[in-house]
Amino acid sequence: MTDSKYFTTTKKGEIFELKAELNSDKKEKKKEAVKKVIASMTVGKDVSALFPDVVNCMQTDNLELKKLVYLYLMNYAKSQPDMAIMAVNTFVKDCEDPNPLIRALAVRTMGCIRVDKITEYLCEPLRKCLKDEDPYVRKTAAVCVAKLHDINAQLVEDQGFLDTLKDLISDSNPMVVANAVAALSEIAESHPSSNLLDLNPQSINKLLTALNECTEWGQIFILDCLANYTPKDDREAQSICERVTPRLSHANSAVVLSAVKVLMKFMEMLSKDLDYYGTLLKKLAPPLVTLLSAEPELQYVALRNINLIVQKRPEILKHEMKVFFVKYNDPIYVKLEKLDIMIRLASQANIAQVLAELKEYATEVDVDFVRKAVRAIGRCAIKVEQSAERCVSTLLDLIQTKVNYVVQEAIVVIKDIFRKYPNKYESVIATLCENLDSLDEPEARAAMIWIVGEYAERIDNADELLESFLEGFHDESTQVQLQLLTAIVKLFLKKPTETQELVQQVLSLATQDSDNPDLRDRGYIYWRLLSTDPVAAKEVVLAEKPLISEETDLIEPTLLDELICYIGTLASVYHKPPSAFVEGGRGVVHKSLPPRTASSESTESPETAPAGAPSGEQPDVIPTQGDLLGDLLNLDLGPPVGGPPLTTSSVQMGAVDLLGGGLDSLIGGPNFVAPPAATVPPNLGTSMGSGLSDLFDLTSGVGTLSGSYVAPKAVWLPAMKAKGLEISGTFTRQVGSISMDLQLTNKALQVMTDFAIQFNRNSFGLAPAAPLQVHAPLSPNQTVEISLPLNTVGSVMKMEPLNNLQVAVKNNIDVFYFSTLYPLHILFVEDGKMDRQMFLATWKDIPNENEAQFQIRDCSLNAEAVSSRLQSSNIFTVAKRNVEGQDMLYQSLKLTNGIWVLAELRIQPGNPSFTDLELSLKCRAPEVSQHVYQAYETILKN
Amino acid sequence: MIHSLFLINSSGDIFLEKHWKSVVSRSVCDYFFEAQERATEAENVPPVIPTPHHYLLSVYRHKIFFVAVIQTEVPPLFVIEFLHRVVDTFQDYFGVCSEPVIKDNVVVVYEVLEEMLDNGFPLATESNILKELIKPPTILRTVVNTITGSTNVGDQLPTGQLSVVPWRRTGVKYTNNEAYFDVIEEIDAIIDKSGSTITAEIQGVIDACVKLTGMPDLTLSFMNPRLLDDVSFHPCVRFKRWESERILSFIPPDGNFRLLSYHVSAQNLVAIPVYVKHSISFRDSSSLGRFEITVGPKQTMGKTIEGVMVTSQMPKGVLNMSLAPSQGTHTFDPVTKMLSWDVGKINPQKLPSLKGTMSLQAGASKPDENPTINLQFKIQQLAISGLKVNRLDMYGEKYKPFKGIKYMTKAGKFQVRT
């Protein structure tokens, strides 16, 4: 005989029949009938009509029958509130029963009956049960307070249950403590303002004691509660960590993850020099790895959390790459997460292994997974520069497989690789073009069109290729249309003669036949540009593009810090703060990592302090009005992303206009020079800067317009080596343009004519932007000064030393060669000011091996002066702090090829008039550090 | 906390629902069904599904989805762990966990679920406590209950519920006192085409069956405890003692339980006991392919490999296979394209092999993916990590128990790429 019999029904009047049985005199029959009712309930049948009859069975000594009736009551009381009152008496009586099991059962069930009228009767029994002698009853009553609060919060507060509950935290029984904590946490969640869980060192100590003795579930509640506490100093944090670490060996993965949360949070307070810090880091890895051998559902949640942990503290799992390798029968949701973490952990050390795996995955069956694997190869190429070549060849192998979706994904990522490493892998374009016909997804088509447009000059039949796309222009998605428009305009600018017809065709398609506003606008802009000023059009359309960042999907540091506080919760699974998605947004409090308050003051490195204390006290970091204004200006000056590329110079013009208009009405100072509308004279920036700097401490923006330090001219080519031609010169950078200022002296006896100049390939692609123009022939003993504009789009070859430039000068007599070293600061671009958050993230991201230290002795400037002096050469101060009487400047600069260099400058007061500077440089290309240091020295000492 | 639980079978019927707070309409499961439809296979249904007002967290075991509904921010691992515990409890109570069995015992199931959670908070999840509250159904008890009218619900407060050793009830009595420990290790490995190991790790457990009278206090020590640097213990193990002396000291639960699980990571060298030699060739636009695999022993420490089973998911283009095994039996399902070969024991003198031809879809180009070979095997009397129990001692009781330790190595997720 099984319970399935309860499901069999007679055709007619099932309810009627049950009713009769429920009212039977025989106990056994009654019980069977109630079981039938429960069975119907479990499959969602409505048996609420039997309410009075079932309640009648409640008065019984038979515990099973009583429990069954209670089960029924909980389900249906809400729909029959008046009837439910009938049950109250029995409950109240049961709460006095000598058997603690019955007392607990009664109070527990009563709390589950969500009827207002009943809750009033519940108060007295509940109060008694909270103080019951039996801990089993007390722990049940604790949960009941949370239930009651959910139904009627006001009542709970009025009755003073919350205080009783708080007292239970000090209960002698650990299970009662755990339940009280759980109940209080649940109540606190719906009332974030109320200070229910008032944690202090005493209560923390009690919780830690209970932690060792309560059930696994209680441990989760206690750990989650501990995570909300902020220890007063690093010693307290360490002692809590020490008592929490044993939980990492618990069999219950939820306990493990909650313990990880507490440790990750409190670790923030520990100094990195502490031995314990290292021990803790080592202890965190094994439990995280173990989570991955659990059931797939648990793995998924664990992986989502590991994703956060890896971003916050990559050192924990850096040697554990292999456990993230995908097994072919992992569920797809596990596979995708593992892949993501593999890329995060990819580094030069393990890239070969990772690539081999990714290639293997790209031949799997699951399309989504294969796509992501191909994409991952591209991300590796962008992340680990040394592997780029290997990644590209892997992608080419995959393209050879001709599997449609693989090819499409590969092309999309190759586009990104081109963006990251321009002019390096163009040899593969031919292979890509072969696969043109198989592309049917908009993203892949758009990527291919972009490549064709970008490298139009190297693809012989670029016009044919683009024309073939043009045929079905109106059927394409907007993404492809926009890309096609831009690509054809690029093509036209590069090969104007043979593509005039094509460009007209696309412009008219975009502007006249399309009803998409974006497309029309872009079409009109191009049209206008091309028709008014083709040179400007060239500058705009073919401008240098900002390099794509290394990892586009990194979680922003402040959000990451917040999410670390939510490890193990739904927020960590969705990578969103709870306020963004939890039902009703019940005023969730934003959590933040504790600031590091050491009991003994130690020097802080830049990455821990501000990142650790987003809301805490900030050290004095120039939060002046000027900074704010600077930020605003930076916003305008920042390179446009995504939209039609614009040249830097035109952006600056826009910014100047904005500045002029805005400030004009603000101050209208007499010494303010209004900028002319059309052109910006190079000295405007300085005059305006000087005019304004009295009023506002403009830390950036205006400064970008002034020129950087210019070294005095030096003789590069002595006359005796060049048949009488002496060349001396120097390099300057003004308003974003680099030039070589040359002084040519004719020391020979004959007239010199037909001058020309050429540069050998060099590290930064420096090349003359215009031919060398010496207007009149150079007669003997005559000297002429020429400024030769340079750009950085020439071909690149690494030189030794890095800043070596080999120059050939020709005149009517002969060709002469000389080489010179250019100061690196002419390559520092105007938008080299990094956002502070970005700075912190980047500083942390660059491995310590790349850090270089230098000394600059006997500098006669103070911090202010250093900062402003450097700024005029485009070295920007991101933040400034004063630690133990020493000024620390955090600075950033960007080279023309997009390499960022981050600097920490410590200014030590030496003897009264001179200071010693200590410079730490961090850069992904460490070989530039030496030259950056030289630039610093030159700028600061002259 | 956990609001409700729905049990759903693979054809998408909700066959049980339980609510611990207010009743949540079963229409909430529509979101789950949507996700189920999107995921082609049941295993691929994401474990966390957001809906406008609730979150659905699910586990898939024994072809049943256990879907928990939560409304507020709750640690998802807590919910998922709990769901697995529910499944374990059902298995413990009824022997198997399947839809018919749950339906047959629906009332007990309901009572058990009610005891496990109160208002969404876990109440009693230890099987020995639950069994005192709700007695598992046995044929004998059903008969007795019908005659005497007694119930299968205990009316006394379970003793373990509040003691410091909640996992053990008091007053346990046995005539034969015995304690058995099984050291079981599973090798998870990925072997690449050329036979070299890409990753290999060992997941080990020590499962115990302890039937001892009274309150025995056991200690278990190992010959080489340093192998165990990544362990998860049953709550009964005294962590302090392990930290200081590397000895497992514990008062055991009564009956079957998992004493500890451990993980020997990829960084230690893991011995791989078998190898697979394979040659699988597809040719472009030919309707025939060749298939040959041989299985052989590698590092087995002189033990026999048995229970060998080879399975492989063949590419879609394979229509049928005609193969001849040198031993064992094989099947190929032309619909699911699943090849399985039950090899049995490996005789090192005569290595088992399976060879023959595959008929491929005519004219189609050769398949893009290579089949991965999945291997199962067992080795008795061997813990491949080298872990060895030194001695087991009992304190606190006077009698002499019978003690036994068994070792076994198995394949976990053991995959060979071709």
Side-chain angles (χ1 to χ4, degrees), chain A residues 1-4 28 35 38-39 42 44 62-64 67 71 75 100-101 108 114 135-136 143 146-147 175 182 189 213 215-217 220 246 249-254 257 286 289-290 293 295 297-298 300-301 322-323 325 327-328 331-333 363-365 401 403 568-570 573 578 582-583, chain B residues 1 15-17 22-23 26 43-44 46-48 53 55 59 71-73 75-78 80-81 84 103-107 110-111 114 118-119 121-122 142 149 151 153 155 157 161-162 164 166 190 198-199 203 229-235 239 261 263 265-266 368-370 372 413 415 417:
Chain A
M1 286 277 265
T2 68
D3 292 350
S4 53
E28 205 42 45
K35 282 191 176 176
I38 302 283
T42 60
N62 186 314
L63 190 59
E64 186 178 21
K67 277 193 171 178
L71 279 176
N75 239 17
L101 193 63
R108 180 174 135 204
R114 309 173 62 86
Y136 181 73
V143 176
K147 294 182 196 170
M175 251 70 88
E189 201 179 308
E213 292 168 16
T215 65
E216 48 196 315
W217 313 109
I220 301 172
S249 302
H250 202 286
N252 186 320
S253 58
L257 202 56
V289 171
T290 306
S293 51
E295 286 82 358
E297 297 91 358
L298 298 169
Y300 171 73
V301 177
K322 281 186 173 178
V323 297
F325 285 178
K327 308 218 166 65
Y328 86 98
I332 180 77
Y333 54 82
T363 61
E364 279 216 27
V365 196
T401 63
V403 181
T569 67
L570 282 170
V573 173
V582 165
E583 171 85 332
Chain B
M1 296 294 120
F15 65 92
L16 187 100
E17 58 181 287
S22 52
V23 177
R26 54 167 61 194
E43 287 82 10
N44 288 340
V48 185
H53 303 288
Y55 291 90
V59 303
Q71 203 161 19
T72 47
E73 174 68 87
L77 275 188
F78 155 81
I80 295 173
E81 274 280 355
H84 280 295
K103 277 187 171 166
D104 281 352
N105 295 289
V106 67
V107 176
Y110 222 64
E111 285 169 341
E114 181 63 24
D118 175 19
N119 196 37
F121 294 101
T142 321
T151 68
V153 173
D155 57 2
L157 188 61
Q161 186 68 284
L162 286 162
V164 277
I190 303 177
I198 293 179
T199 152
Q203 313 288 352
D229 62 343
D230 180 6
V231 274
S232 306
F233 297 115
H234 188 276
F239 191 75
S261 52
H263 177 250
S265 72
D368 315 317
E369 77 265 12
N370 294 322
T372 302
K413 285 188 166 176
Q415 316 190 336
R417 291 177 179 160

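Everything quoted here is computed from the prediction, not taken from an experiment.
- Of the atoms belonging to B:Ile190, it is side-chain heavy atoms, and not backbone ones, that fall under 4.5 Å from chain A.
- Residues A:Tyr333 and B:Pro47 meet the side-chain proximity criterion, which asks for heavy atoms closer than 4.5 Å.
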Chi angles and distances behind the ring-ring contact (aromatic ring centres under 6.0 Å, His included) call for B:Phe78, A:Trp217:
CA-CA 8 Å; B:Phe78 155 81; A:Trp217 313 109; 5.6 Å; yes

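- The distance from atom NE2 of B:His263 to atom OG1 of A:Thr290, rounded to the nearest 0.5 Å, is 6.0 Å.
- A distance of 9.5 Å separates CZ in B:Phe121 from NZ in A:Lys147, rounded to the nearest 0.5 Å.
- Listed for the B:Asn44 side chain is no donor-acceptor partner under 3.5 Å among the backbone atoms of A:Pro331.
- The CD atom of B:Gln415 sits 13.5 Å away from the CZ atom of A:Phe325 when rounded to the nearest 0.5 Å.
- B:Thr372 touches chain A through backbone and side chain together, each having a heavy atom under 4.5 Å away.
- Looking at A:Val323 and B:Thr199, their side chains never come closer than 4.5 Å, going by heavy atoms from C-beta outward.
- Considering only heavy-atom pairs separated by less than 4.5 Å from chain A, the leading option among B:Val48, B:Val23, B:Asn119 is B:Asn119.
- Pairing each heavy atom of B:Ser232 with each of A:Ala251, the nearest pair is CB-CA, 3.8 Å.
- Both the backbone and the side chain of B:Glu114 come within contact range of chain A, each with at least one heavy atom under 4.5 Å from a heavy atom of that chain.
- With rounding to the nearest 0.5 Å, the separation of CD in A:Glu216 from NE2 in B:His234 is 8.0 Å.
- With a 4.5 angstrom heavy-atom cutoff, A:Leu71 touches chain B only via side-chain atoms.
- Rounding to the nearest 0.5 angstrom, the gap separating the CZ atom in A:Arg108 from the CG atom in B:Asp118 is 5.0 Å.
- The residue among A:Val301, A:Ile38, A:Val289 with the most heavy atom pairs within less than 4.5 Å of chain B is A:Val301.
- In this structure, the portions of A:Tyr328 lying under 4.5 Å from any heavy atom of chain B include both its backbone and its side chain.
- Remark: side-chain polar atoms of B:Gln203 are not paired, donor with acceptor, to backbone N or O of A:Ser293 under 3.5 angstrom.
- Ionic pairing of B:Arg417 and A:Glu364 is not present here: no N-O contact between side-chain nitrogen and carboxylate oxygen is shorter than 4.0 angstrom.
- Both the backbone and the side chain of B:Phe233 come within less than 4.5 Å of a heavy atom of chain A.
- Scored by the salt bridge (Lys or Arg N to Asp or Glu O under 4.0 Å) test, A:Lys327 finds no partners at all (sequence neighbours excluded).
- For B:Val59, the parts lying near chain A are the backbone and the side chain together; criterion is any non-hydrogen pair under 4.5 Å.
- Summarising the geometry of B:Pro76 relative to A:Gly568, their closest heavy-atom pair is CD-O, 2.9 Å, with the distance given to 0.1 Å.
- B:Glu73 and A:Leu570 get closest at one heavy-atom pair: OE2-N, 2.5 Å.
- Interface remark: A:Val573 contributes side-chain atoms only to the contact with chain B (heavy atom separation under 4.5 Å).
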Set out, in order, the CA-CA distance, both residues' side-chain angles and the distance that settles side chain to side chain contact (heavy atoms under 4.5 Å, CB included) for A:Leu298 and B:His84, then state yes or no.
CA-CA 10 Å; A:Leu298 298 169; B:His84 280 295; 4.3 Å; yes

